[in-house]
Number of protein chains: 2
Amino acid sequence: MEDVETDRRRAILDAALAIADEHGLAAVTMRAVAQRVGLTAMALYPRIGGKDGLLDGIVERLLAELAPALEDSGDPAQRLRGVARALRALARRHPAAFPLMLARPSVTPESLRQLDALYDTLLGFGIPARHVPRVERLLSTFALGYAASEVNGRFGRVDPRAGRGRLDPQTYPAHARLGAVLEDPADWDAEYEADLDDLEFLIRSRWTA
Amino acid sequence: MEDVETDRRRAILDAALAIADEHGLAAVTMRAVAQRVGLTAMALYPRIGGKDGLLDGIVERLLAELAPALEDSGDPAQRLRGVARALRALARRHPAAFPLMLARPSVTPESLRQLDALYDTLLGFGIPARHVPRVERLLSTFALGYAASEVNGRFGRVDPRAGRGRLDPQTYPAHARLGAVLEDPADWDAEYEADLDDLEFLIRSRWTA
DNA sequence: ACCTGAACACCGTTCAAGT
DNA sequence: ACCTGAACACCGTTCAAGT
């Protein structure tokens with residue numbers, strides 16, 4: 001049961017997120033967001049408190065989309081994997097806005113609730129309490145970093161990574177040694193799953209009986 | 001042996017980085033950078049190609065500071081650890097500019113050379129060639145993400161994390177179960193080293209004989 | 001070749017004024 | 001209580017002009 005104040009605020013933030021999705025983060029101006037909800041820029045201030053509040057609010061909306069993945073769902077390992085996949089899917093739905101999750105960390109009751117759900121999952125996995133906060137940061141750092149790297153093009157912009165296996169062997173000897181490996185088209189879906197396998201292996205072998 | 005063109009460009013980029021260090025990324029305007037090097041904003045365009053080129057150039061300067069850590073230095077494990085520590089130290093020296101490394105990936109000859117050095121280290125570690133690119137992305141994603149999270153305050157802004165062990169047990173049950181663990185002051189230096197230990201364990205047990 | 005000054009089309013934000 | 005319109009101090013960038 002949300003009051004009308006919250007509904008109006010949410011409509012503004014969703015408009016901002018939609019503009020980011022359609023035209024990029026630079027297009028998210030106070031004026032553009034206001035126009036999309038039928039107001040002037042100045043009318044936004046009492047509700048979202050300026051540009052900084054607007055960007056923090058976008059992060060809130062992204063977290064809200066992540067919430068279903070953090071519901072109870074039996075096996076802790078499957079739950080962890082579900083959250084990791086949901087985070088990457090979120091980044092692909094909102095590539096322009098997603099990096100805000102790393103840049104503007106949220107400390108709302110909702111974000112704390114999500115952190116609580118993650119702690120619960122890690123405890124359910126059998127990780128000793130004293131290691132849980134660190135393991136949570138290790139995993140969330142990797143998952144956030146991977147999704148952000150992907151949408152920011154850090155892993156290479158297109159599939160044929162422009163003959164990285166055929167660079168000058170004098171200046172790039174290790175690339176030359178890798179050769180054909182670098183010519184394979186990258187499959188980020190498969191790579192992410194392999195990384196999750198590795199991290200699950202790490203957790204099981206280090207922190208559970 | 002660098003020509004004068006490159007020197008001038010470097011002076012501009014170093015001025016931009018200095019402004020970011022002193023007054024934050026928002027203070028890095030074309031006009032402010034120009035003033036610091038004794039020019040008008042328009043004089044920067046032929047050398048750095050607009051605001052986007054300026055930000056990419058800042059990333060170049062950050063990478064240049066990282067270069068010494070990628071020199072040969074015997075044991076591959078120690079070299080990897082050295083690079084990981086140098087990356088985090090870089091983030092602490094340039095907290096405002098560092099997140100650009102994740103947001104604006106660089107694809108210069110220098111960045112390729114650094115990637116090559118990393119590939120070489122992983123091959124020297126005994127990792128099979130077909131796994132090297134993925135392992136490099138796994139490690140660099142974690143290291144970049146950790147350093148960025150730290151400077152962006154994602155791990156909590158100050159040391160006493162405001163009684164996170166004493167939240168309402170009804171809404172945050174896992175926090176309540178962790179209790180005293182969350183009251184410990186966080187030591188990010190020690191945590192980072194522990195994470196590196198874990199990742200080294202992962203590499204050794206999965207990909208080397 | 002290199003730089004400047006004026007100008008343009010924006011920005012976030014303040015504030016007095018309207019209803 | 002909620003919103004507007006005008007204004008302010010910026011921004012990145014273009015372009016004709018100077019030397």
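Treat the numbers as computed from the prediction; the structure is a model and nothing was measured.
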- Report the residues that fulfil salt bridge (Lys or Arg N to Asp or Glu O under 4.0 Å) with B/R79, sequence neighbours left out, ordered by chain and then residue number. B/D72, B/D120
- Message: Restricting to salt bridge (Lys or Arg N to Asp or Glu O under 4.0 Å), what partner residues turn up for B/D195, sequence neighbours left out?
- Response: A/R134
- Task: Kindly point out which of C/dG12, C/dC3, D/dG12 is positioned nearest to the side chain of A/M30?
- Result: C/dG12
- When you measure from the side chain of A/L39, which nucleotide among D/dG12, C/dG12, D/dC3 comes out closest? D/dC3
- Message: Set out, in order, the CA-CA distance, both residues' side-chain angles and the distance that settles side chain to side chain contact (heavy atoms under 4.5 Å, CB included) for A/E200 and A/F125, then state yes or no.
- Response: CA-CA 10 Å; A/E200 185 175 330; A/F125 209 96; 4.3 Å; yes
- Query: OP1 or OP2 of C/dC3 sitting under 4.0 Å from any side-chain N/O of B/T40?
  - Reply: no
- Testing D/dT4, C/dT13, D/dG12 for proximity to the side chain of A/A43, the answer is D/dT4
- Query: Of all the base pairs, Watson-Crick or G-U under 3.5 Å, which form stems of three or more consecutive pairs involving DNA chain D?
  - Reply: C:4-8 with D:12-16, C:12-16 with D:4-8
- Item | Nucleotide D/dT14, atom P - distance to CG of B/L44 in whole Å | 13 Å
- Query: Who passes salt bridge (Lys or Arg N to Asp or Glu O under 4.0 Å) against B/E193, sequence neighbours left out?
  - Reply: B/R81, B/R85
- Query: Excluding sequence neighbours, so at least two apart, what forms salt bridge (Lys or Arg N to Asp or Glu O under 4.0 Å) with A/R88?
  - Reply: A/E150, A/D189
With 3.5 Å as the limit, what N/O pairs link the protein to nucleotides 15-19 of chain D?
none

- Just to confirm, is there a sub-4.0 Å distance from OP1 or OP2 of C/dC3 to any side-chain nitrogen or oxygen of B/R8? yes
Could you give the side-chain donor-acceptor pairs of residues 13-29 of chain B under 3.5 Å, partners two or more places apart or in another chain?
residue : atom : partner : partner atom : Å
B/D14   : OD1  : B/R61   : NE           : 2.8
B/D21   : OD1  : B/H94   : ND1          : 2.9
B/D21   : OD2  : B/H94   : ND1          : 2.9
B/E22   : OE1  : B/R36   : NH1          : 3.2
B/E22   : OE2  : B/R36   : NH2          : 3.0
B/T29   : OG1  : B/A32   : N            : 3.0

- Message: Using whole Å, what does the distance between atom P of nucleotide C/dC10 and atom NZ of A/K51 come to?
- Response: 15 Å
Residues 139-148 of chain A, side-chain donor-acceptor partners within the protein, below 3.5 Å, at least two apart:
residue : atom : partner : partner atom : Å
A/S140  : OG   : A/E136  : O            : 3.0
A/S140  : OG   : A/E136  : OE2          : 3.3
A/S140  : OG   : A/R137  : O            : 3.4
A/S140  : OG   : B/R154  : NH1          : 3.4
A/S140  : OG   : B/R154  : NH2          : 3.2
A/T141  : OG1  : A/R137  : O            : 2.6
A/T141  : OG1  : B/R154  : NH2          : 2.9

- Report the residues that fulfil side-chain contact (heavy atoms from CB on, under 4.5 Å) with B/T171, sequence neighbours left out, ordered by chain and then residue number. B/D168
- Message: I want to check one thing: is the phosphate of C/dT14, taken as OP1 and OP2, less than 4.0 Å away from some side-chain N or O of A/Y45?
- Response: no
- Message: Assess whether a salt bridge exists between A/R104 and A/D52, defined as any Lys/Arg side-chain N lying under 4.0 Å from an Asp/Glu carboxylate O.
- Response: yes
